[in-house]
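Right, one structure below, let's go through it.
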Amino acid sequence: MAERPLSNQEVARIFSDIADLLDIKGENRYRIMAYRRAAETIENLGRDLYTYWQEGHLQELPHIGQAIAEKIDEIFRTGRLGYLERLEAEYPRQLIELLRVPDLGPRRVRTLYERLGITTIEELEKAAREGRLRDLPGFGPKVEENILRALETVRRQKDRVLLSVAWEQASALLEALRATAGSALVRAEMAGSLRRRRATIGDIDLLAASPVPEQVIEVFCRLPQVAEVLLAGSTKASVQLHTGQQADLRVVEPRRWGTALQYFTGSKAHNIHLRELALEKGFSLSEYSLKREDGTEILCAEEEEVYQRLGLRWIPPELREDAGEIEAALEDSLPKLVRLEEIRGDLHMHTTWSDGRLSVEQMVQAARAHGYEYIVITDHSPGLGIVGGLDVERLQKQRAEILTVNAKYDDITVLQGAEVEIRADGTLAYPDEVLALLDVVIASLHTGLRQPREQVTKRLLAAIHNPHVHIVGHPTGRLLLRREGADLDMEAILKAAAETGTALEINASPERLDLDPVYVRQALEMGCLLVVNTDAHHADDLDNMRYGVWQARRGWAEAEDILNTRPLEALLAYFRGDGG
DNA sequence: GCCGTTTTCGGCCCGACTGTTTTCAGTCG
């Protein structure tokens, strides 16, 4: 057996690579789709695939049947997969990279390899420049030219960006579009992964309804945010913004808004499943309409109608990942997802006592503007590489200040907590008698994140088992697009959190969004409770709460799963251990 | 290769665009 069992992501990658290679090979498309679906199942799993394997439950997972279960078994037993190795002997794995080039799909990649022996982007570019592509079957002068041009864009292609970045840009675009297009625009919204609130975003997808699409397209292309128009037709435009982001706009007839919004929101897997369901019910679903078998159309101006016609409740976009939401909608057991307005307080924020930018009182003012009933000031303990972690003496002084500020306002309660460092050796940066004085204790990892799984898991478990610790802050320590989180045994973490009643934080800071929604869902199934906190270091950061709530929703969380939707007394009773 | 209140076999999402394969395959979302 391999030293360390492969992660879900690594196994998913194997099956997605198999799918790509089979595609290049020209295999049966449904077999290819089966591997892709299996890969997606594994990627979105909230538990280690390894655990399912150990328990012999692999085939209970959707899209994993006997053949793929046997391959997973081989992977975990031997650390290798003979099937993939044989496939790679026919078609090198490098070819998968070529699929990323626009206009290059499996057929053309195969032709490139078999006719010219091309396996890399560099070889592709050289051949294109030398005019050796145009005579290949399935190519031509135009395709050759397009590929050369596409290689430019592949190079300057922006990577994914944080949800917050894309969301702010999209909001600004929508606002500008509405202000400029006037009555030509009936409505406009975000679609795609942005509407599903994924933590990172590729392109910005927008949808508009208008009786005069050309006018809306024209206005869109002239917005001040637009740097370059990549493509503009009568109902569709793609532009590059000055920020480097690509934004796509589609314009549809208002009476087809519902089907269009449903379609452009995705995810692809959700849509495919929904269309399969439509077929079972005798409809053919597209972005334009629901079509009966006799060819007559049912137009849906609202998204709710699309789902309703298929016998489903409307499914919130955050759930549309084909992760059981369609089945839940069928039996009317969709969760009643938590809403931003239900958050009563923020339990994690910093002030100038440590690395925050504002004083206690300034943060309180900002929190009052949010209408919060309570907040907890949680500055850093010492032991972190941050100057100004509070030693015990300063912690006492801060307590006096918090009490003074608290006495000043009767519309909000200000509590003292701390974000206590879980040190590399697994101990906490404050002794228990100090922790006991605090209203709320958050324990967080900031260092030693790259320790081996067993070691870093043990540290976190020790914190969870400390009776003075109420919350585990940003559990994995990941920084989106920059740094992987710690290699935690999440199964053990969630189990311990459920047993001890320690809450897990969904950190709403856009670069964290940690706990990740797939684990949120698993945590809830295991009986954990959660909190959503901003970890604010400035007044503006309090606005990040929405991102945290969105991720909670993506994890199927309801208000009752989130402790800081509770009134203060109930919250404190829970933390004292005599409630909840 | 997976899946099943029509099925353990015969299905498996839909539509647009593009270039070239002159009736459609390949790619994309």
Side-chain angles (χ1 to χ4, degrees), chain A residues 15-16 18-20 22-24 26-42 58-72 83 87 98-112 133-147 149-150 153 191-193 202-207 230-236 238 246 248-250 252 256 259-260 262-291 295 297 306 310-311 322 326-327 330-331:
Chain A
F15 288 112
S16 134
I18 287 175
D20 283 342
L22 289 176
D23 211 354
I24 290 167
E27 254 285 4
N28 176 290
R29 48 186 288 235
Y30 298 109
R31 176 171 295 162
I32 295 165
M33 189 158 82
Y35 279 108
R36 294 233 159 87
R37 286 177 153 174
E40 277 182 36
T41 293
I42 295 166
L58 285 176
Q59 287 192 57
E60 290 168 20
L61 294 170
H63 310 304
I64 296 192
Q66 188 179 346
I68 290 182
E70 280 170 8
K71 290 185 174 63
I72 294 172
Y83 181 69
L87 211 49
L98 291 181
L99 291 173
R100 294 211 341 254
V101 179
D103 282 2
L104 274 192
R107 297 293 305 141
R108 288 185 183 138
V109 167
R110 176 176 163 192
T111 303
L112 287 171
L133 302 186
R134 64 187 64 174
D135 296 327
L136 294 172
F139 289 73
K142 199 79 185 174
V143 170
E144 185 179 84
E145 191 189 322
N146 285 347
I147 286 174
R149 191 140 29 94
T153 57
S193 53
D203 295 342
I204 292 173
D205 287 315
L206 302 176
L207 183 68
L230 303 173
L231 164 161
S234 55
T235 64
K236 175 180 169 170
S238 281
Q246 186 176 321
D248 296 337
L249 173 72
R250 289 285 299 250
V252 300
R256 297 183 194 270
T259 41
Q262 194 290 314
Y263 171 68
F264 288 110
T265 298
S267 66
K268 184 171 180 155
H270 174 89
N271 285 355
I272 289 175
H273 193 161
L274 201 64
R275 287 170 177 204
E276 286 169 351
L277 181 71
L279 282 179
E280 286 172 29
K281 308 235 172 197
F283 297 105
S284 167
L285 173 63
S286 76
E287 59 264 51
Y288 299 103
S289 67
L290 268 172
K291 226 179 255 173
E297 281 190 312
V306 181
L310 299 175
D322 193 25
I326 291 176
E327 292 83 349
L330 273 171
E331 56 185 44

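The sequence lines fix the lettering, A, B, ..., with proteins before strands; numbering per chain opens at 1.
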Need to verify one output field. Residue with the more 5' nearest nucleotide on DNA chain B, A/Val143 or A/Arg108?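 Nearest nucleotide further toward 5': that of A/Val143.
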
Want to settle it: does A/Gly138 or A/Ala34 sit nearer the 5' end of DNA chain B, counting the closest nucleotide to each?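 Its nearest nucleotide lies further toward 5', so the answer is A/Ala34.
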
Work out how far the [atom1] atom of [N] is from that of [M], and round it to whole angstrom.
N      : M      : atom1 : answer
B/dG10 : B/dG15 : C1'   : 25 Å
B/dT27 : B/dT20 : P     : 13 Å
B/dC2  : B/dC13 : P     : 16 Å
B/dT21 : B/dA16 : P     : 24 Å
B/dT5  : B/dG1  : P     : 23 Å

With sugar-phosphate meaning primed atoms plus P, OP1 and OP2, does [X] contact a base, only sugar-phosphate, or nothing at under 4.0 Å between heavy atoms?
X        : result
A/Ile32  : nothing
A/Tyr263 : base
A/Val101 : sugar-phosphate
A/Pro137 : nothing
A/Arg31  : base

List the residues meeting side chain to side chain donor-acceptor pair (under 3.5 Å) with [X], not counting sequence neighbours, and say none if there are none.
X        : value
A/Ser238 : A/Asp248
A/Thr259 : none
A/Arg149 : A/Asn146
A/Glu144 : A/Arg134

Between which nucleotides of DNA chain B, 5' to 3', does chain A make heavy-atom contacts below 4.0 Å?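 First and last nucleotides in contact are B/dG1 to B/dG29.
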
Can you list, pair by pair, the side-chain donor-acceptor contacts under 3.5 Å of residues 271-281 of chain A, counting residues two or more places apart and other chains?
from: A/Asn271; atom 1: OD1; to: A/Gln262; atom 2: NE2; distance (Å): 3.1
from: A/Asn271; atom 1: ND2; to: A/Tyr263; atom 2: O; distance (Å): 2.9
from: A/His273; atom 1: ND1; to: A/Asp322; atom 2: OD1; distance (Å): 2.6
from: A/Arg275; atom 1: NE; to: A/Leu285; atom 2: O; distance (Å): 3.3
from: A/Glu276; atom 1: OE2; to: A/Arg37; atom 2: NH2; distance (Å): 3.0

DNA chain B contacts among residues 265-274 of chain A, heavy-atom distance under 4.0 Å: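 Residues of residues 265-274 of chain A under 4.0 Å from DNA chain B: A/Lys268, A/Ile272.
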
Is the base of B/dT7 syn or anti, where syn means the angle lies within 90° of 0?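 You should classify B/dT7 as syn.
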
Could you pull out all residues at least two apart from A/Glu40 that satisfy salt bridge (Lys or Arg N to Asp or Glu O under 4.0 Å)?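 Residues passing salt bridge (Lys or Arg N to Asp or Glu O under 4.0 Å) with A/Glu40: none at all.
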
Which residues pass the salt bridge (Lys or Arg N to Asp or Glu O under 4.0 Å) test with A/Glu27, sequence neighbours left out?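 Counting only residues at least two positions away or on another chain, A/Glu27 forms a salt bridge (Lys or Arg N to Asp or Glu O under 4.0 Å) with A/Arg31.
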
Whether A/Lys71 engages the ring of A/Tyr83 as a cation-pi pair (distance to the six-membered ring centre under 6.0 angstrom, angle to the ring normal within 45°) should be assessed.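 Yes, A/Lys71 sits over the ring of A/Tyr83.
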
Return the nucleotide paired to B/dT8: Watson-Crick means purine N1 to pyrimidine N3 with N6-O4 or O6-N4, wobble means G-U with N1-O2 and O6-N3, both under 3.5 Å.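 Looking at the geometry, B/dT8 pairs with no nucleotide.
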
Residues A/Asp20, A/Arg36: salt bridge by 4.0 Å N-O rule: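 A salt bridge links A/Asp20 with A/Arg36.
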
